[in-house]
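The structure appears right after this line, and notes come after that.
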Amino acid sequence: MQFVDEASIIVEAGNGGNGCLSFRREKYVPKGGPDGGDGGHGGSVYLIGDDALNTLIDFKYQRFYKAQNGQPGMGRQMSGRAGEDLHVKVPVGTTVIDEDTLEVIADVTEIGQVVMVAQAGRRGLGNIHFKSSTNRAPRRTTPGTEGERRNLRLEMKVMADVGLLGLPNAGKSTLIRSVSAAKPKVANYPFTTLVPNLGVVKLGLHEHFVMADVPGLIEGASDGAGLGLRFLKHLTRTRLLFHVVDVAPFDESDPVQAAEAIIHELGEFSPALAELPRWLVLNKLDLLPVDEREATVDEIVRRLGWQGPVFRVSAISSDGTDALVQAAYRWLTEQRRLEHEDEEAAERVREMRSRMEEEAVARTEARLGRKRPHVDDDDDFDDDDDHDVEIEYAP
């Protein structure tokens, strides 16, 4: 199916029903008085996080969502029926942005999280509310108010603990296949991965974490080369990045220059994301002679000036992958403990997330500033950014 991670929709809450102007008229009751009832409140529009969804493709075909209007009031002090609220399911990890103000309305990050995106109109009052000792026959009512209407942009970012970063053919898809049940396409040519893939890495009965593989970057991605930086946003919700480097590229290119190009493109996309903890994963060691492996690894680390953790793996044979995922699980567990017990650590994480969100809003503003999207029920989506490929998520 198509993987769609951005969509523009219109949501409109229901209008409130008008109040009723009515007088009681019954046989043998000459002075019945006012009996106009109130209108009903309109329905609001809510978004609900649903883990069964992993793409925004549904919003490609339906772009207008409206809650029910409230019914007008009636005589005999009968109030109109309230309009039903409209609940729209979205994937967990969806950011909701008001396209007109560029305000981030909400981040749907939990299953079952409910967010109101359009406020219902209020009911109008019937003339029964305006009777008094000096006004026995009021002819005054109030109309119901209009429901809120908003142009929204939905941007989905996959929810994962670890993200894979690297050039095409660095072995990211092979790595996620090796350590999880995910089965992304693997082939001996660049850009076999066209959409993000998620895999659940299980280390025990209750020990697991989620890994995300995104399409590879190439030099110049920040200027639109290759698939550009379109899918890098899916790494902004991760806690840890694996920078996968091919130590024996088939085109005999320099692994150090390849790694430096990725670091540059990452910084161009998001300075905050570039500060996320990142581990160097040197892959395809099986392609090097045994007596040259250690020297090659030491040379790459030295030339990069790398100070962080370094892991040597061969994803295709699973050599070294167990040590990698075990270390990642321990790090993630310790990180969660620190955030729970240390307020300063938690604040640093919140501050980094806030910076990433501000950068995302700035990118959205720049994109919408160049071309304000036009949302119309009858218009078809532009399919240029969509991909007719199969996307498989690990169970």
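What you see is a predicted model; the values in this text were computed from it and never measured.
The OG1 atom of Thr321 sits 13.0 Å away from atom CD1 of Ile176, with the distance rounded to the nearest 0.5 Å. In this structure, Arg123 CZ and Thr145 OG1 are separated by 11.5 Å, a value rounded to the nearest 0.5 Å. Rounding to the nearest 0.5 Å places CE of Met211 at 9.0 Å from CG of Leu240. We find the CD-CG distance between Glu12 and Asn15 to be 6.5 Å, quoted to the nearest 0.5 Å. Going from atom CZ of Arg312 over to atom CG of Asn283 covers 13.5 Å, rounded to the nearest 0.5 Å. From Leu154, atom CG reaches atom OG of Ser8 across 7.5 Å, with rounding to the nearest 0.5 Å.
With no hydrogens or angles considered, no side-chain donor-acceptor pair links Arg150 and Thr101 at under 3.5 Å. Side-chain N/O atoms of Asn127 and Thr141 include no donor and acceptor closer than 3.5 Å. Side-chain polar atoms of Thr109 and Asp107 form no donor-acceptor pair below 3.5 angstrom.
Looking at every heavy atom in both residues, Asn169 comes nearest to Asp246 through O-OD2, 3.7 Å. Considering every non-hydrogen atom in both Lys284 and Ala170, the closest pair reads CE-O, 3.9 Å. Between Phe242 and Ala328 the shortest heavy-atom distance is CZ-CB, 3.7 Å. Across all their heavy atoms, Val11 and Ile9 have their closest contact at CG1-CD1, 4.0 Å. Nearest heavy atom pair, residue Leu56 against residue Ala7, reads CD1-N, 4.1 Å. For Ala13 against Ser44, the heavy-atom pair with the smallest separation is CB-CA, 4.3 Å.
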Working for salt bridge (Lys or Arg N to Asp or Glu O under 4.0 Å), residues Glu334 and Arg337: CA-CA 5 Å; Glu334 178 64 15; Arg337 185 192 66 79; 2.4 Å; yes
From CA spacing to verdict: side-chain contact (heavy atoms from CB on, under 4.5 Å), Val90, Val115: CA-CA 11 Å; Val90 297; Val115 177; over 6 Å; no
Residues Ser180, Val201; criterion side-chain contact (heavy atoms from CB on, under 4.5 Å); working and verdict: CA-CA 5 Å; Ser180 76; Val201 181; 4.2 Å; yes
Steps toward salt bridge (Lys or Arg N to Asp or Glu O under 4.0 Å) verdict (Glu339, Arg336): CA-CA 5 Å; Glu339 292 176 23; Arg336 293 190 184 98; over 6 Å; no
side-chain contact (heavy atoms from CB on, under 4.5 Å) evaluation trace for Arg348 with Met352: CA-CA 6 Å; Arg348 286 195 296 270; Met352 178 172 289; over 6 Å; no
Test side-chain contact (heavy atoms from CB on, under 4.5 Å) applied to His243 and Leu266, step by step: CA-CA 11 Å; His243 187 166; Leu266 187 65; over 6 Å; no
Asp254 vs Arg303, salt bridge (Lys or Arg N to Asp or Glu O under 4.0 Å): CA-CA, chis, key distance, verdict: CA-CA 11 Å; Asp254 186 356; Arg303 290 177 58 195; 2.6 Å; yes
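Within 6.0 Å of atom CZ in Arg350, more than 12 heavy atoms from other residues, nucleotides or ligands are found, so the atom counts as buried in its surroundings. By the neighbour-count criterion of 12 heavy atoms within 6.0 Å, atom CG of Leu276 is densely surrounded, having more than that number from other residues, nucleotides or ligands. Surrounding CZ of Arg355 are more than 12 heavy atoms belonging to other residues, nucleotides or ligands, all under 6.0 Å away. Around the CD atom of Gln307, the shell of radius 6.0 Å holds no more than 12 heavy atoms that belong to other residues, nucleotides or ligands. Within a 6.0 Å sphere centred on CZ of Arg140, heavy atoms belonging to other residues, nucleotides or ligands number 12 at most. Counting non-hydrogen atoms of other residues, nucleotides and ligands closer than 6.0 Å to CZ of Arg122 gives a total of 12 or fewer. Within a 6.0 Å sphere centred on CD of Glu84, other residues, nucleotides and ligands contribute 12 heavy atoms or fewer. The environment of Glu146 atom CD is sparse: at most 12 non-hydrogen atoms of other residues, nucleotides or ligands sit within 6.0 angstrom.
Ring-plane geometry between Phe209 and Tyr329 is classed as parallel, the angle between the planes falling under 30 degrees on a 0 to 90 degree scale with a further cut at 60. Relative orientation of the Tyr46 and His87 rings is parallel, given thresholds of 30° and 60° on the angle between their planes.
Looking at Val158 and Arg237, their side chains never come closer than 4.5 Å, going by heavy atoms from C-beta outward. Side-chain contact between Trp331 and Pro277 is present, with at least one heavy-atom pair separated by less than 4.5 Å. Inter-residue side-chain proximity for Ile105 and Leu152 is flagged as met; some heavy-atom pair is nearer than 4.5 Å. You'll find the side chain of Leu282 reaches within 4.5 Å of the side chain of Val310, heavy atoms only. Side-chain contact between Phe59 and Val88 is present, with heavy atoms from C-beta onward closer than 4.5 Å. A 4.5 Å side-chain heavy-atom check between Leu86 and Lys66 finds every atom pair outside the cut-off. Put simply, the side chain of Asn54 does not reach to within 4.5 Å of the side chain of Pro91, judged on heavy atoms. At least one side-chain heavy atom of Val244 sits under 4.5 Å from a side-chain heavy atom of Leu175.
Judged by distance alone, the side chain of Arg136 and the main-chain N or O of Ser133 form a donor-acceptor pair under 3.5 Å. The backbone N or O of Gly75 sits nowhere less than 3.5 Å from a side-chain atom of Asp35 that would complete a donor-acceptor pair. Judged by distance alone, with hydrogens and angles left aside, the side-chain atoms of Lys172 form a donor-acceptor pair with the main-chain N or O of Leu167 at under 3.5 Å. A donor-acceptor pair under 3.5 Å is formed between the side chain of Thr142 and the backbone N or O of Leu125. Remark: the backbone N or O of Gly126 is paired with a side-chain donor or acceptor of Asp38 at under 3.5 angstrom.
In the hydrophobic clustering of this structure, Phe311 does not group with Leu304; members are Ile, Leu, Val, Met, Phe, Trp, Tyr whose side-chain heavy atoms approach within less than 4.5 Å, directly or through other members. Residues Ile57 and Val108 share a single hydrophobic cluster, defined by chaining ILVMFWY side chains whose heavy atoms lie under 4.5 Å apart. Residues Leu288 and Val301 share a single hydrophobic cluster, defined by chaining ILVMFWY side chains whose heavy atoms lie under 4.5 Å apart. Using a 4.5 Å cut-off between side-chain heavy atoms of Ile, Leu, Val, Met, Phe, Trp and Tyr, with links allowed through other members, Val325 and Leu280 fall into different hydrophobic clusters. By the criterion of side-chain heavy atoms lying less than 4.5 angstrom apart, applied directly or through intervening Ile, Leu, Val, Met, Phe, Trp or Tyr residues, Met78 is not grouped with Ile128; the two fall into different hydrophobic clusters.
Taking the charged nitrogens against the carboxylate oxygens, Arg302 and Glu299 do have a contact shorter than 4.0 Å, which makes a salt bridge. A salt bridge does not link Arg330 to Glu207: none of the charged side-chain nitrogens sits closer than 4.0 Å to a carboxylate oxygen.
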